[in-house]
Amino acid sequence: MKRDVIIIGGGIAGLCTAYYLQKSGRKVTIIDEADITNSTSFGNAGLLSAFDKSPLSCPGVVSNTLKLMLKGQSPAIIHPTLDFKIYKWLLNFIKNSNEKRTKKTMMLFEKYGEITLNLYEKMIKEDNLDFDYYRDGMLSVFTEDKSYKERLKKYNYTDDERFKIFKKDELKEYLPSADIKKIKGAILFKKNARFDSGRVMLELKKHLLDAGVEFILNEKIDSIRIENNEVKHIISSKSVFYEAEHFIMSTGYKTALASKYCNKDLMMTPAKGYSITFEMPKEFIPKVSTIFNDLFIVMTPRRDNVRFTSKLEIGSDDPAIIEKQIDSIKKNFFEYNQTFEMNNEVYWSGFRPLTPNDIPLIGRDEDVNNLTYCMGLGWLGMTFGPALGSIISDLVVNDKKNAQSDDILMFSGFYQ
């Protein structure tokens, strides 16, 4: 049986692309090697941080990381490896960590972040989806005096709709767990939003199933057969052949299919991260999603619990939850917060697909006519998922070339 559109990968990029393709009248099949409930998207913090948050590759990131390493608080770990591609990625990352690139990236983040929030809100309203969604801002907390003063230089004006610089008593209202004496400062950036990422994934999956999208789960795609510049079929580890009019590769950090069968050298590396989901005393629950700017810890309140996310391990392919990394997250957090009991803890680890300039890899393959990519979203998959899904859907439904899509030319790492 020849299908219409097959999406390889059921993360947020895959689900959102399926959502808009289905809305456009296409018949969609999603094939995923797991069941989506332990994907990187599922373990996301739930902070939609397109506004007033620097990308990972920004000026000073290398020196600041080294400084935190000396203090034993660095979220970044680079494991020794013989994989030359990782060192190539690191060199590109350092090259992109400049003021000009950061300014351009943040402008793109704002454009597509606003589109995404509008699309999430439209999903919630039109399809009655429960995302536990709030657009109530992002609290950025600074534990280093230098980084706080540098940020204040950029926000030395008044814009009540965009941000508010907090006094100590105002910080306590929003982050009651804070050890005020150790916090250097805090700014509420009002344009950001938050939700429960796991709930979003499950709600989207249910909606898509009800809308007729086919899910083939726990099925790993091992190879691709290309003939006459088109994907003829893909083959699973169970030796099942799948044919389709069009294929969308949304495989997260996994690039083997693209490199081995499509001769596509995707500049992307897996970065391992962790989350801790737990219950905490009501009097300490933060009012909004909070990022500890100098510790790379995000803390997001949810309907039934709270979630931490942190850590950035480069050069690791070990999916296991390492206890010392969990302990490190807790130690760094409680260094600047009052002690409280974390109940019913659930740990998670996964790999974020990072590009060296924080720009996703989206667009049609220039040699394989019926293959499109939608990957490389790093930890910002939830922040841009719907925007990218709508862009890819437009590309496929209207049979556009990359050059005919302004969005691809602006927001694809293939053209940056």
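- From Glu279, atom CD reaches atom CZ of Phe340 across 12.0 Å, with rounding to the nearest 0.5 Å.
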Item to check | Arg199 vs Asp130, side chain to side chain contact (heavy atoms under 4.5 Å, CB included): CA-CA, chis, key distance, verdict | outcome: CA-CA 7 Å; Arg199 188 181 296 273; Asp130 178 9; 3.5 Å; yes
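- At a cut-off of 3.5 Å, with distance as the only test, a side-chain donor of Ser147 or Asp294 sits close to an acceptor on the other residue.
- Enclosure of atom NZ in Lys27 is not indicated, since only 12 or fewer non-hydrogen atoms of other residues, nucleotides or ligands lie within 6.0 angstrom.
- Within the cation-pi definition used here (under 6.0 Å to the ring centroid, within 45° of the axis), Lys184 does not qualify as a partner of Tyr148.
- In this structure, Ser328 OG and Phe333 CZ are separated by 13.5 Å, a value rounded to the nearest 0.5 Å.
- Tyr347 and Glu323 share no donor-acceptor pair across their side chains, judged by distance under 3.5 Å alone.
- Residues Ala186 and Leu171 come closest through the heavy atom pair CB-CD1, 3.8 Å.
- If you look at Phe142 and Tyr336, their ring centroids are not closer than 6.0 Å.
- The aromatic ring centroids of Tyr242 and Phe247 lie 6.0 Å or more from each other.
- Using a 30° and 60° split on the angle between ring planes, His207 and Tyr19 fall in the tilted class, from 30° to 60°.
- Figure legend: Lys264 and Phe414 shown as a cation-pi pair, the cationic atom lying under 6.0 angstrom from the six-membered ring centre and within 45 degrees of its axis.
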Side-chain donor-acceptor distances from residues 6-13 under 3.5 Å, at least two apart:
none

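- For Phe84, the CZ atom counts as loosely surrounded, since its 6.0 Å shell holds 12 or fewer non-hydrogen atoms of other residues, nucleotides or ligands.
- Each side-chain hydrogen bond (donor to acceptor under 3.5 Å, both in side chains) pair with one or both residues in residues 374-397, not counting sequence neighbours, appears once here: Asp394-Asn398, Asp394-Lys400.
- In this view, Asn96 satisfies the side-chain hydrogen bond (donor to acceptor under 3.5 Å, both in side chains) rule with no residue, not counting sequence neighbours.
- For the residue pair Asp358 / Ser57, a side-chain donor-acceptor distance below 3.5 Å is found, with atom types taken as modelled.
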